Amino acid sequence: MPALKPTDFTGTIRWLGRVPVDGDALRSEPCEALELSFEGVAGERHSGLTRAACSRVTAQHPRGTPIANVRQLTVLSAEEIAQTAALMGLDALDPAWVGASIIVEGLPDLTHLPPSSRLQGPDGATLVVDMENRPCVLPGREIEKDRAGFGKLYKRAADSRRGITAWVERPGTLRLGDTLTLHVPDQRLWDHAEAVLG
């Protein structure tokens, strides 16, 4: 019995980008396609089989500890990024400002997809959802460079709308206009009370 169930939910890739290896800015550069390997996107700052533990996992690992890289890509929803822009008082948010790898249109509540869900492209390229990508101050710095006064508004406006982090389970190519199909784990929701009370 498969542990992952295909769903009828699909999204269309509307934007693709890569964060350059050089420099320390978060800004991504738009591109027409992403060639995915098991390490992520070649020549991209977040690629690699491992990464250094950051502030998001300090409860588990000392900062800088080598750990598996489950943050190879940043995937955001076109609808959620538009909501964030509206809350900030902007007509639009450039996906490059937030270090986006992929902007998808049509998948509801993308930021809260269940961890371990899969997004699968037409050629079989498959991304595994790690978890919600919590807002931080780095996108605000990029926004501020182009829209002075708005950068400080990003973190609060993007709460619950920052998208997800993901890693490559199956290599392949993703292109603008491709359809991604959502597959979800075949399991009940974790119930804390049930776990405690048995």
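Position 1 is the first residue of the sequence; numbering continues from there. From a predicted model like this one, the values you see are computed outputs, not experimental measurements.
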Of all pairs that satisfy salt bridge (charged side-chain N to carboxylate O under 4.0 Å, His left out), the ones with a partner from residues 159-180, not counting sequence neighbours: Arg118-Glu169
Would the distance check show the side chain of Asn69 and the main-chain N or O of His46 forming a donor-acceptor pair, the cut-off being under 3.5 Å? yes
Spell out, as yes or no, whether a donor-acceptor pair under 3.5 Å connects the side chain of Thr165 to the backbone of Asp130. no
Counting only heavy atoms from other residues, nucleotides and ligands, does the tally under 6.0 Å from CZ of Phe150 exceed 12? yes
Hey, could you give me the CG/OG distance between Leu16 and Ser101, rounded to the nearest 0.5 Å? 9.0 Å
Sequence neighbours left out, what pairs pass salt bridge (charged side-chain N to carboxylate O under 4.0 Å, His left out) with at least one residue falling in residues 8-27? Arg14-Glu105, Arg27-Glu142, Arg27-Asp146
Single-linkage hydrophobic cluster, 4.5 Å side-chain cutoff, Val19 and Ile103 together: no
Residues in side chain to side chain contact (heavy atoms under 4.5 Å, CB included) with Pro185, at least two apart? Leu4, Pro114, Ser116, Ser117, Gln187
Just wondering, are more than 12 heavy atoms of other shown residues or ligands nearer than 6.0 Å to CD in Glu32? no
Side-chain cluster (under 4.5 Å, hydrophobic types only) that Leu138 belongs to, other residues: Leu26
Could I get the full list of salt bridge (charged side-chain N to carboxylate O under 4.0 Å, His left out) partners for Glu144, not counting sequence neighbours? none
Using links of under 4.5 Å between side-chain heavy atoms of ILVMFWY residues, direct or through other members, which residues join Val70 in one cluster? Val128, Trp167
Quick one: side chain to side chain contact (heavy atoms under 4.5 Å, CB included) partners of Arg56, sequence neighbours excluded? Cys54, Arg71, Asn133, Arg134, Cys136
Under the salt bridge (charged side-chain N to carboxylate O under 4.0 Å, His left out) rule, collect the residues that match up with Glu44, sequence neighbours excluded. none
Non-neighbouring partners of His112 that pass side chain to side chain contact (heavy atoms under 4.5 Å, CB included), sequence neighbours left out: Asp109, Glu132, Ser160
Residues passing the side chain to side chain contact (heavy atoms under 4.5 Å, CB included) test with Lys152, sequence neighbours excluded, are none
Derivation and outcome, side-chain hydrogen bond (donor to acceptor under 3.5 Å, both in side chains), residues Thr126 and Gln120: CA-CA 4 Å; Thr126 305; Gln120 191 165 58; 2.9 Å; yes
Any salt bridge (charged side-chain N to carboxylate O under 4.0 Å, His left out) involving residues 92-104? Give me the pairs, sequence neighbours left out, ordered by first then second residue. none
Pairs flagged by salt bridge (charged side-chain N to carboxylate O under 4.0 Å, His left out) wherever residues 77-92 is involved - sequence neighbours left out: none
